[in-house]
Amino acid sequence: MSSHIESERLSNSLAELDQLTNWERRPRGDMRVDLEPMRDLARRLGDPQNSFRIVHVAGTKGKGSTCALIEAGLARAGFSVGRYASPHVMHITERVSIDGRPVGEERLADALGAALSAFKDARREATSGQGATWFDILTVSALLIFRSERVEWAVLETGLGGRWDSTNIVQSDVAVITNIDLEHTEILGKTRAAIACEKAGIIKRGAAVVTLLPEADEAGAVVSARAAELGCALRRPTVPADATIEQRNVALAGAVLDVLGKMGVMTKGASAMAEPLGEQLLDPSTIATARLPGRLEKIAVNTSHGDNAKVNVVLDGAHVPFNLAAVLSDLSQEAKYRAPCIAVMSIADDKDAAGLLSTMTRHDISIIFTTVGARSRSPEQLKTIADTLGLLSIVMLDPLEAYQEALAGATESGAWVLVTGSLYLVGIIRSA
């Protein structure tokens, strides 16, 4: 699904990597529950994670955008910053950024080569690193790149959960838990409190904790208890109940910068006096630089029909009901998204399809179901669920044809188009 990779070395490393267990691509019920493979690889590579300071971010949704905002704030303060993210939308290099830009292919190939070589040593010596997964090797490669690029700060997004996530070998300065909703329940637990327990696994003694989860909430209570147990200061930014997704993410990132300022982290740079970091770093232009592809991404598409008609298109990879509900509610605050909507949608088979689709019944939406590979739920099954909910839908197996059909329909009817349900689908439509 990635865009074309120019570097032959990177292609070869990724082909080798693809032989390993890739949890992003398989049923998740039997995930491992220890970090020893990751620790062994890192040790063999000189523990690169100890070369810079760290903000570690977990949560059901908003992790990626919150990380990008923290990265932008730290960069604005004059620091060299690395960011590790997942999944990618267009190209695997998006997962490792240095100073706001995806790392070059050759740079990633170098690091993967070093990580794969440590993995082979572990296999030969039969140490725990022989159990490393695809994500472990990618994660350790990112840490190697951050060390060799001499970043001062790294912002790390967990891949899944927290406690047993590959990123959790680090000692962070700040642990962030964005929010908690039911997702990956087969691994993380069946209740929000159980999932909070997994995510709170990223909290380390001595780190500060920032979360939007209220104290009275079952998940928020778990995070509070864990922070108290480890003697961590806890910060809860206040946001209005009707805050948009972006306002919530900005409040979180601003609180992280405030906490760092209180820890004595000062801005750098020749031009002005050093001052403590704080939310003032997130001015409108800094927020704008932090917007990620495929997250509430709004574009106007020229269609050949009529007098140069424009169709408003929104790309958002929302794949959990509460996130899709928030996306639709944010959009409905703008007049142009109050018109009827034609959605192009693919849903992975481990996601709550009925929950996602019932969210859409509150809006004037018709749907074109499509598919983006082995993990997609069958569009015909999705249509059956949509029928029972009273949603109008059709099936078009080719995602690009489905998108063209949506644009044509929107041009005729004055509707807008939403591409959602899967970041992989968003990536395919974006690259087209």
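Index from 1, following the sequence.
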Check: Do the side-chain N and O atoms of Tyr84 and Thr139 include a donor-acceptor pair separated by under 3.5 angstrom?
Finding: yes
Note to self: Regarding Arg291 and Glu297, does a basic nitrogen lie under 4.0 Å from an acidic carboxylate oxygen?
What the structure shows: no
Next item on the list: Indicate whether the side chain of Arg107 and that of Ser148 have a donor and an acceptor atom separated by less than 3.5 Å.
Entry: yes
Margin query: Under the criterion side-chain contact (heavy atoms from CB on, under 4.5 Å), I'd like the reasoning laid out for Leu418 against Tyr337: C-alpha separation, chi angles, the key distance, then a yes or no.
Written below: CA-CA 10 Å; Leu418 174 66; Tyr337 302 116; over 6 Å; no
Notebook entry, point to check: Of all heavy-atom pairs between Leu356 and Met345, which one has the smallest distance, and what is that distance?
Noted result: CB-CE, 4.2 Å
Check: Hey, does the side chain of Asn179 reach the backbone of Leu212 with a donor-acceptor pair shorter than 3.5 angstrom?
Finding: no
Item checked: Salt bridge Asp387-Lys383, side-chain N to carboxylate O under 4.0 Å -> yes
Note to self: For a quick test of reading the model, state the closest non-hydrogen atom pair linking Ile137 to Ala132 and the distance between them.
What the structure shows: CG1-CB, 4.2 Å
Note to self: Set out, in order, the CA-CA distance, both residues' side-chain angles and the distance that settles side-chain contact (heavy atoms from CB on, under 4.5 Å) for Arg295 and Ile245, then state yes or no.
What the structure shows: CA-CA 10 Å; Arg295 273 67 156 208; Ile245 297 169; over 6 Å; no
Checklist line | Audit row: Glu275, Thr267, side-chain hydrogen bond (donor to acceptor under 3.5 Å, both in side chains) steps and yes/no | finding: CA-CA 5 Å; Glu275 56 176 18; Thr267 57; 5.2 Å; no
Next item on the list: Would you name the heavy atoms of Ser166 and Asp136 that are closest together and state the gap between them?
Entry: OG-OD1, 2.7 Å
Next item on the list: Please name the pair of heavy atoms, one in Glu152 and one in Phe52, separated by the smallest distance, quoted to 0.1 Å.
Entry: O-CB, 3.6 Å
Check: So, for Asn168 and Gly201, which heavy atoms are closest and what is the spacing to 0.1 Å?
Finding: ND2-O, 3.0 Å
Checklist line | Evaluation steps, side-chain contact (heavy atoms from CB on, under 4.5 Å), between Glu157 and Thr167 | finding: CA-CA 8 Å; Glu157 175 185 346; Thr167 57; over 6 Å; no
Notebook entry, point to check: Can you name the closest pair of heavy atoms from Met38 and Val140 and give their distance?
Noted result: CE-N, 3.8 Å
Check: Would Ser224 and Arg236 count as a side-chain hydrogen bond (donor to acceptor under 3.5 Å, both in side chains) if you check the C-alpha gap in whole Å, the side-chain angles of each, and the deciding distance to 0.1 Å?
Finding: CA-CA 10 Å; Ser224 292; Arg236 286 192 163 89; 2.8 Å; yes
Next item on the list: May I ask you to decide if Ile177's main-chain N or O and Thr211's side chain share a donor-acceptor pair within less than 3.5 Å?
Entry: yes
